[in-house]
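Structure, as structure tokens:
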Amino acid sequence: MRRMRNSILGLTLVMCVGSGTAAFACSAPDGQVRQFSAKTGSLVNAILVDPNGKNDLDRITYLRDLLSENSLNAYEAATISQMLGAAYYELNDYDRAIEAFEMAIDACGLLPKEVSNLQVNIAQLLIADNKPAKGAQRLEDWIA
């Protein structure tokens, strides 16, 4: 289980700058802005370098509040949703982690490879959450 934790957390960090080539129905269109606005960037940075070390529940509340902003671009919404999923994962709340990772995909701000990686992580979480049939189906869909 520790290995998956590293995989998911590492993926969250890599996904902010990664790239890929697989094709999916909802992926970041060519030329889409893949950066944070100054306002959103400073808000996200505040939680990443918080000197007070917010606990996971505080981070979740903060990230959910950020996601309620109507001015987020697709990349910002996708990245913040991934961060939210990682925070839920740290609390072993797999259902909410999956939901947040699916929100990241639905935001349409990720590159195809990032979407692909998240789909695999969602399948792994389903299997870890004693839902092997659902996880296996997600992996089969991903392979297809």
Side-chain angles (χ1 to χ4, degrees), residues 1-37 40-50 53-144:
M1 190 55 154
R2 181 73 180 153
R3 186 173 186 192
M4 186 160 69
R5 179 179 303 258
N6 289 336
S7 170
I8 289 174
L9 293 179
L11 176 64
T12 301
L13 297 174
V14 170
M15 292 173 71
C16 296
V17 295
S19 64
T21 57
F24 288 91
C26 179
S27 61
D30 291 337
Q32 177 186 18
V33 175
R34 288 191 41 90
Q35 65 185 28
F36 283 93
S37 67
T40 304
S42 67
L43 293 171
V44 168
N45 192 51
I47 197 160
L48 294 174
V49 297
D50 179 17
K54 288 188 181 344
N55 66 40
D56 288 320
L57 294 175
D58 289 340
R59 271 193 294 280
I60 287 169
T61 299
Y62 187 85
L63 292 168
R64 290 176 62 98
D65 288 347
L66 281 177
L67 283 170
S68 68
E69 295 285 325
N70 292 330
S71 61
L72 297 178
N73 66 42
Y75 176 71
E76 292 169 333
T79 303
I80 294 168
S81 294
Q82 291 176 84
M83 294 171 70
L84 180 62
Y88 280 126
Y89 176 78
E90 287 298 320
L91 295 174
N92 295 318
D93 189 342
Y94 298 152
D95 288 335
R96 287 193 176 132
I98 291 167
E99 182 180 302
F101 291 146
E102 288 175 339
M103 284 179 7
I105 293 169
D106 292 344
C108 295
L110 301 175
L111 297 172
K113 181 66 175 174
E114 295 168 333
V115 171
S116 178
N117 290 339
L118 262 185
Q119 289 173 331
V120 171
N121 285 120
I122 290 168
Q124 291 173 327
L125 285 173
L126 286 166
I127 292 167
D129 197 26
N130 294 318
K131 299 173 186 166
K134 280 183 158 183
Q137 183 60 57
R138 290 292 282 258
L139 285 175
E140 288 178 14
D141 293 345
W142 174 79
I143 290 168

Reported [atom1]-to-[atom2] distance for the pair [X] and [Y], which is rounded to 0.5 angstrom:
{"X": "L111", "Y": "N117", "atom1": "CG", "atom2": "CG", "result": "10.5 Å"}
{"X": "I80", "Y": "L66", "atom1": "CD1", "atom2": "CG", "result": "5.0 Å"}
{"X": "T79", "Y": "L72", "atom1": "OG1", "atom2": "CG", "result": "10.0 Å"}
{"X": "L84", "Y": "Y89", "atom1": "CG", "atom2": "OH", "result": "15.5 Å"}
{"X": "W142", "Y": "N121", "atom1": "CH2", "atom2": "CG", "result": "10.5 Å"}

Mind listing the side-chain donor-acceptor pairs of residues 96-105 below 3.5 Å, one per line with the distance, residues two or more places apart or on another chain?
{"from": "R96", "atom 1": "NH1", "to": "D93", "atom 2": "OD2", "distance (Å)": "3.3"}
{"from": "E102", "atom 1": "OE2", "to": "R138", "atom 2": "NH1", "distance (Å)": "2.9"}
{"from": "E102", "atom 1": "OE2", "to": "R138", "atom 2": "NH2", "distance (Å)": "3.3"}

Which heavy atom of [X] sits nearest to which heavy atom of [Y], and what is that distance?
{"X": "L91", "Y": "L57", "result": "CD1-CD2, 3.7 Å"}
{"X": "L67", "Y": "S81", "result": "CD2-OG, 3.6 Å"}
{"X": "L43", "Y": "Y62", "result": "O-OH, 2.6 Å"}
{"X": "Y75", "Y": "Q35", "result": "CD2-N, 3.4 Å"}

Holding to side-chain contact (heavy atoms from CB on, under 4.5 Å), I want the full list of residues that pass it with [X], two or more places apart in sequence or in another chain.
{"X": "A74", "value": "Q32"}
{"X": "I143", "value": "none"}
{"X": "S37", "value": "K39, T40, E76"}

Determine all donor-acceptor pairs shorter than 3.5 Å in which one atom belongs to a side chain in residues 125-137; sequence neighbours excluded.
{"from": "D129", "atom 1": "OD2", "to": "K131", "atom 2": "NZ", "distance (Å)": "3.2"}
{"from": "K131", "atom 1": "NZ", "to": "D95", "atom 2": "OD1", "distance (Å)": "2.6"}
{"from": "Q137", "atom 1": "NE2", "to": "D141", "atom 2": "OD1", "distance (Å)": "2.7"}

Is there a donor-acceptor pair under 3.5 Å between the side chain of R59 and the backbone N or O of M83? no
